[in-house]
Protein chains: 4
Amino acid sequence: MRGYNRAIIMGNVARDPEIRYTATQRAVASFSVAVNRSWKDQNGEMREEVCFIPVVVWGKGAEVCERYLKKGGGVLVEGRINVRSYEAKTGEKRYVTEIVADNFQFVGGRRDDGGAAPYGAQDGGGSFQSQGGGSYQSGRGSAPKSYRDSQPPQNDGFGPNDSFPMDISELDSGAASVAPPEDEADIPF
Amino acid sequence: MRGYNRAIIMGNVARDPEIRYTATQRAVASFSVAVNRSWKDQNGEMREEVCFIPVVVWGKGAEVCERYLKKGGGVLVEGRINVRSYEAKTGEKRYVTEIVADNFQFVGGRRDDGGAAPYGAQDGGGSFQSQGGGSYQSGRGSAPKSYRDSQPPQNDGFGPNDSFPMDISELDSGAASVAPPEDEADIPF
Amino acid sequence: MRGYNRAIIMGNVARDPEIRYTATQRAVASFSVAVNRSWKDQNGEMREEVCFIPVVVWGKGAEVCERYLKKGGGVLVEGRINVRSYEAKTGEKRYVTEIVADNFQFVGGRRDDGGAAPYGAQDGGGSFQSQGGGSYQSGRGSAPKSYRDSQPPQNDGFGPNDSFPMDISELDSGAASVAPPEDEADIPF
Amino acid sequence: MRGYNRAIIMGNVARDPEIRYTATQRAVASFSVAVNRSWKDQNGEMREEVCFIPVVVWGKGAEVCERYLKKGGGVLVEGRINVRSYEAKTGEKRYVTEIVADNFQFVGGRRDDGGAAPYGAQDGGGSFQSQGGGSYQSGRGSAPKSYRDSQPPQNDGFGPNDSFPMDISELDSGAASVAPPEDEADIPF
DNA sequence: TTTT
DNA sequence: TTTT
């Protein structure tokens with residue numbers, strides 16, 4: 001059966017994203033998100049727990065992460081759950097589970113926000129996004145707040161994926177793109 | 001505040017998708033999905049209800065819909081909730097709510113499946129997908145089973161949207177695309 | 001086919017929730033959420049749009065809404081999409097679509113937060129929840145921040161629903177409940 | 001920040017669920033779901049991959065799982081991602097990630113369905129659900145097809161959770177519950 | 001009928 | 001305007 005696989009989490013970035021590059025220069029950022037959860041136990045006592053969920057972002061999004069996601073910042077992440085395995089030096093098979101994100105968005109502000117960071121925008125949230133046609137300008141002054149994978153993506157659940165149909169260089173090239181016409185709104189369904 | 005907006009529904013296509021084109025030749029398919037829900041009422045009686053949820057698909061996906069989604073078929077749809085308004089002839093403002101899909105997937109089979117349809121795949125499900133680089137071949141023999149919007153999309157919740165950064169013609173042009181390297185798997189996070 | 005139906009939205013409360021009661025005294029709160037979305041159009045211009053999504057909350061949650069959700073506040077809502085119809089005075093059939101929430105959570109803070117409100121918690125977010133056993137204390141000093149329907153609920157997608165298996169009065173009665181044992185963690189799967 | 005944590009996956013049960021009981025007799029079922037994903041790589045070749053995602057179900061749902069979820073069957077699971085750690089005999093800290101489900105539903109049919117199983121229902125899908133008031137009758141002839149946690153629970157993302165406010169025995173007792181009134185529909189919002 |  |  002064709003599967004479906006989607007995860008949506010919101011929490012605080014637990015440590016600054018780390019970026020790495022594959023041999024072919026594809027970027028991968030990794031970080032984890034601390035998701036707090038609280039509940040009342042059988043004695044009516046309030047209890048809390050944090051869950052640290054590892055996240056990876058491929059391609060252009062990786063760079064956005066590295067630049068703008070900072071430890072402590074609030075973030076909403078959307079992606080697919082991926083379980084990969086590797087062989088430990090001991091020969092055992094070990095498993096690693098992480099969310100392969102195709103979409104993320106800054107949320108809220110930091111308690112101790114120094115000021116200029118993308119977090120703590122005047123309205124307690126913001127967003128950034130890089131779209132296919134190469135809309136992301138790394139050198140812009142205004143901080144991006146949200147991001148959505150521009151590649152045919154992750155097929156989180158629906159489709160294939162890790163083989164993005166579009167190269168980063170392509171994204172950066174600012175290739176022309178055509179937006180939907182203004183008249184879409186008046187189509188009488 | 002930067003919003004988030006995502007809907008995931010699964011049910012049966014209530015009527016064959018209808019396709020239309022905007023002045024600029026952008027395709028839009030519309031159909032509705034019958035989502036069944038059942039519960040036990042206070043008397044322990046089983047009760048059922050259907051909810052018909054309107055869905056629209058823009059661009060290339062619209063054509064995939066028209067060709068493969070058929071009345072009665074099972075489908076999983078992912079997208080954002082959109083509320084648009086229009087003025088009735090009486091002058092009143094009317095509202096229309098629909099899911100603007102960026103992803104859909106065939107699910108299960110039809111009771112009375114004649115055979116060749118994309119539904120009723122041998123394993124009770126299947127999928128198709130059109131990815132950025134133009135992977136969808138309209139004339140192929142094998143029926144696609146799932147679809148994910150190849151445009152930077154929908155920003156369902158995260159990002160912008162209806163102005164897709166990539167034109168349909170582009171999608172159809174089969175422009176080269178570079179997939180992630182084989183070695184991605186061995187990156188030691 | 002058994003359907004699935006789930007919507008997750010985040011945005012700002014567009015107007016203070018209104019509460020009503022059915023003949024049998026079941027509470028229903030209704031409000032709408034302004035979900036902002038921005039994107040770059042074909043000219044690279046940033047564009048924005050808001051979508052106002054109607055939400056209803058049944059039962060105890062309705063009261064939580066009324067007390068704590070205020071116009072302008074950030075909120076994350078989870079529920080199922082419901083389309084109901086009614087006959088207009090003109091005889092036409094009209095449709096209303098809304099999210100029947102089973103879960104909601106305060107997010108971020110208000111720009112002009114006066115202070116004591118549940119919004120604007122020191123860490124830019126918070127949550128409240130009323131659980132089956134009657135954990136919600138209306139008179140408490142500390143503002144709740146999140147809520148999850150304690151009734152077998154909504155079966156958003158999965159199950160039945162509007163016939164909640166538990167009465168509001170029951171919820172308030174603080175009926176005993178048994179939490180999972182402390183030792184759950186050490187279960188060797 | 002109050003977190004949010006939700007995962008929705010659909011795939012095939014990879015092995016028959018195993019059930020265990022805590023010292024206090026709370027049931028826990030565990031199994032994993034094989035989620036298939038396919039995509040076209042840079043050479044236009046179709047590729048496929050499976051991801052095995054571990055799932056646990058607490059309480060009454062565990063018994064439903066054990067009785068009705070069978071290896072190979074299609075299933076849709078909804079829950080929160082949980083990462084727990086334990087100390088290996090070597091002293092190292094190891095991590096286990098699983099979905100703590102609060103909702104699941106049978107989907108589609110098995111390729112080699114022998115006949116009577118809950119899978120392969122005549123319409124290619126079905127559902128079961130156990131609601132608070134004790135609607136689940138273990139001895140019933142008709143196979144349940146879907147399940148939703150009846151406890152206030154999971155607060156997947158929103159709330160606390162693992163301390164369910166309602167005991168299984170309670171669920172089985174068929175304690176009275178009050179469903180929403182028939183007249184809900186006519187409330188003029 | 002709308003929010004930041 | 002509706003599906004199984």
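Numbered from 1 within each chain, the chains take letters A, B, ... in sequence-line order.
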Just compare dT3(E), dT1(F), dT3(F) and give me whichever is closest to any side-chain atom of Lys93(C). dT1(F)
Compare the minimum distances between each of dT4(F), dT2(F), dT3(E) and the side chain of Phe52(C), then state the nucleotide with the smallest one. dT3(E)
In whole Å, I'd like the distance from the CE atom of Met1(B) to the C1' atom of dT4(E). 8 Å
Measure from the side-chain heavy atoms of Val50(C) and tell me the nearest of dT1(E), dT2(F), dT3(E). dT3(E)
Roughly, in whole Å, what's the span from CZ in Phe31(C) to P in dT3(E)? 15 Å
Could you tell me how far apart Arg94(B) (CZ) and dT1(E) (P) are, to the nearest whole angstrom? 12 Å
What is the separation between atom CG on Leu69(C) and atom P on dT4(E), rounded to the nearest whole Å? 14 Å
Of the candidates dT1(E), dT3(E), dT3(F), the side chain of Asn36(B) sits closest to dT3(F)
Separation of atom CZ in Arg84(B) from atom C1' in dT2(E), rounded to whole Å: 19 Å
For Glu78(D) and Arg6(C), what are the C-alpha separation, side-chain angles and deciding distance, and is it a salt bridge (charged side-chain N to carboxylate O under 4.0 Å, His left out)? CA-CA 10 Å; Glu78(D) 201 178 339; Arg6(C) 183 140 284 252; 2.8 Å; yes
Of dT3(E), dT2(F), dT1(E), the nucleotide closest to the side chain of Lys71(C) is dT3(E)
State, yes or no, whether a side-chain contact exists between Leu69(B) and Asp16(B) at a heavy-atom distance under 4.5 Å. no
Is there a side-chain contact between Phe106(B) and Leu76(B) in this structure, where contact means two heavy atoms from C-beta onward sitting under 4.5 Å apart? no
Residue list, salt bridge (charged side-chain N to carboxylate O under 4.0 Å, His left out) with Glu87(C), at least two apart or on another chain: none
Partners meeting side chain to side chain contact (heavy atoms under 4.5 Å, CB included) with Val83(C) (sequence neighbours left out): Cys51(B), Ile53(B), Tyr95(C), Thr97(C)
How close or far is atom C1' of dT4(F) from atom OH of Tyr4(C), stated in whole angstroms? 20 Å
Go nucleotide by nucleotide along DNA chain F from the 5' end; which of Glu48(B) and Arg15(B) gets its closest nucleotide reached first? Arg15(B)
For Met46(C) and dT4(E), what is the distance between atoms CE and C1' respectively, to the nearest whole Å? 15 Å
For Asp16(C) and dT1(E), give me the distance from atom CG to atom P, rounded to whole Å. 19 Å
